[in-house]
Amino acid sequence: MKIRNIFYIAGLSLIFISCNRPPEKYKEGIQYLAEKKWDKAIDCFNQVPKDSKTWIDSATQKKNETIELMIKCNDWKKLFKIANKNSSDEEFIENFKESIEKYFAEKSKSNQSDSALLFIDNYKPELEKLIDTIVISNYIKSIEDNYFTGVWQAEGGLINGNEIYFQRQGELLNGLSSRNQTGWLKNSIIYKNIKYKGFKVWKVMPKIFSTNYWGNTSTSYSKKGALTLIAKDTILIDYETIGSSNRFHRKK
């Protein structure tokens, strides 16, 4: 009786081991993943038998890991190619979107907003194909809100020492005077309707002060202006209508 029980237990153990042995496609996927052959790894994980619940879940986890590794390696062309190929896989695309969102969040926190913006510029058609344009617009807004913080001081020119701060008013981002100085009233809009144009340049409507023959001063907003991100704490605002520019540095 004891011998029969031993054989029975041994048989169950063999069945358990056999059932929990990774499918060949899963093992192939792991090998391709180690070799950074992302597309082949994803293809193999997609072929893991659907009736193997344990390994299907693990294969899904490995596909997500593959996305993260491609982002870490900046292998964007391959990532978008794979995402397009798997566009009908809702779970894969949802994880793709979450990984992209995580990438933007990390870039913003680490003061690498320029890298995140250049990523959008270089891959905008691919992003718009897979991610809603409203979501992309929100990415840009979150980068702007993170980047344009603090008080910025002008250096050189007629407004040397003048200071501005940026504030989102509704959907629009504006640059406002932080104090009364050189004709600028505190909290008045100096740079209006700042909107991202691409490649670290924003369209902007600068406030123009004009004096006529009799010495009367008037103000208007020029439709031709540009704000350029020069460095982490430096921007340049061009007044295209009058051919001048002002450099601002973020105050520490």
Tracing side-chain contacts under 4.5 Å among Ile, Leu, Val, Met, Phe, Trp and Tyr outward from L176 reaches Y165, I189, M205, Y221
Shortest non-hydrogen pair, A41 vs L33, comes out as CB-N, 3.8 Å
Verify the neighbour count for atom CD of E35: are there more than 12 heavy atoms of other residues, nucleotides or ligands below 6.0 Å?
-> yes
Same apolar cluster (I L V M F W Y, side chains within < 4.5 Å links), L69/Y32 = no
Shortest non-hydrogen pair, C73 vs K36, comes out as SG-NZ, 4.3 Å
Aromatic ring proximity, centroids under 6.0 angstrom, Y103 and W76 | yes
Name all residues meeting the side-chain hydrogen bond (donor to acceptor under 3.5 Å, both in side chains) criterion together with W184; count only those two or more places apart in sequence or in a different chain, and write none if there are none.
-> none
Residues T133 and E128: side-chain donor-acceptor under 3.5 angstrom = no
Where does the angle between the aromatic ring planes of W152 and Y147 fall among parallel (under 30°), tilted (30 to 60°) and perpendicular (over 60°)?
-> tilted
Distance, nearest 0.5 Å, that separates NZ of K77 from CG of N122 = 9.5 Å
For atom NZ of K203, is the number of surrounding heavy atoms from other residues, nucleotides or ligands below 6.0 Å larger than 12?
-> no
So, for S52 and P23, which heavy atoms are closest and what is the spacing to 0.1 Å?
-> OG-CG, 4.5 Å
Can any side-chain N or O of N180 pair as donor or acceptor with the backbone N or O of K186 at less than 3.5 Å?
-> yes
Between the OH atom in Y191 and the OG atom in S222, the distance rounded to the nearest 0.5 Å is 11.5 Å
Contact check, side chains of K102 and E68, non-hydrogen atoms, under 4.5 Å = yes
Specify the closest pair of heavy atoms between R179 and G161, including all atoms of both residues, with the distance to one decimal.
-> NH2-O, 3.3 Å
So, do E24 and Y26 sit near enough that their side-chain heavy atoms are less than 4.5 Å apart?
-> no
Student check: side-chain heavy atoms of F80 and L127 closer than 4.5 Å | yes
Heavy-atom check, side chain of H249 versus side chain of R247, under 4.5 Å = yes
Passes side-chain contact (heavy atoms from CB on, under 4.5 Å), Y196 versus L117? Steps please.
-> CA-CA 10 Å; Y196 191 59; L117 289 171; 3.6 Å; yes
Minimum side-chain heavy-atom gap I82-T66 below 4.5 Å = no
Begin with the C-alpha distance, continue with both residues' side-chain angles, and end with the deciding distance and a verdict on side-chain contact (heavy atoms from CB on, under 4.5 Å) for W38 and L79.
-> CA-CA 8 Å; W38 319 119; L79 176 57; over 6 Å; no
Do E65 and Q61 have side-chain atoms, one donor and one acceptor, less than 3.5 Å apart?
-> no
Assign the ring pair F166 / F148 to parallel, tilted or perpendicular, where the plane angle (0 to 90°) is split at 30° and 60°.
-> tilted
Presence of salt bridge, D39 and K81, under 4.0 angstrom | no
Any chance the side chains of Q169 and N174 put a donor and an acceptor closer than 3.5 Å?
-> yes
Can you list the other members of the hydrophobic cluster that holds L236, where links are side-chain heavy atoms under 4.5 angstrom apart?
-> I230
Applying the salt bridge (Lys or Arg N to Asp or Glu O under 4.0 Å) test to D43, which of K63, K85, K25 qualifies?
-> K85
Please check if atom CD in Q181 has more than 12 non-hydrogen atoms from other residues, nucleotides or ligands closer than 6.0 Å.
-> yes
So do K197 and W202 actually touch side chain to side chain, heavy atoms under 4.5 Å?
-> no
Would you say I100 and F119 make side-chain contact, with heavy atoms under 4.5 Å?
-> yes
Dump the intermediate steps for side-chain hydrogen bond (donor to acceptor under 3.5 Å, both in side chains) on N86 and N46, then the final yes or no.
-> CA-CA 10 Å; N86 293 271; N46 282 337; 3.0 Å; yes
CD1 (I131) and CD1 (I120) are apart, to the nearest 0.5 Å, by 9.5 Å
If you draw a 6.0 Å radius around CG in L158, do more than 12 non-hydrogen atoms from other residues or ligands fall strictly inside?
-> no
Hey, what do you get for CD1 (I159) to CD (Q153), rounding to the nearest 0.5 Å?
-> 10.5 Å
Tightest non-hydrogen contact, residues S99 and I71, listed as CB-CD1, 3.6 Å
May I ask you to check whether over 12 heavy atoms, not counting those of K141, lie within 6.0 Å of atom NZ?
-> yes
Applying side-chain contact (heavy atoms from CB on, under 4.5 Å), run through T149 and R250 and close with a yes or a no.
-> CA-CA 8 Å; T149 57; R250 194 198 322 262; 3.4 Å; yes
Does one hydrophobic cluster hold both F104 and V135, with members joined at side-chain heavy-atom distances below 4.5 Å?
-> yes
Which value, rounded to the nearest 0.5 Å, describes the distance between T60 atom OG1 and N95 atom CG?
-> 8.5 Å
Please round to the nearest 0.5 Å and tell me the distance separating atom CD of E94 and atom CZ of F96.
-> 11.5 Å
Find out whether K251 and D233 are in side-chain contact, i.e. whether some heavy atom of one side chain is under 4.5 Å from a heavy atom of the other.
-> no
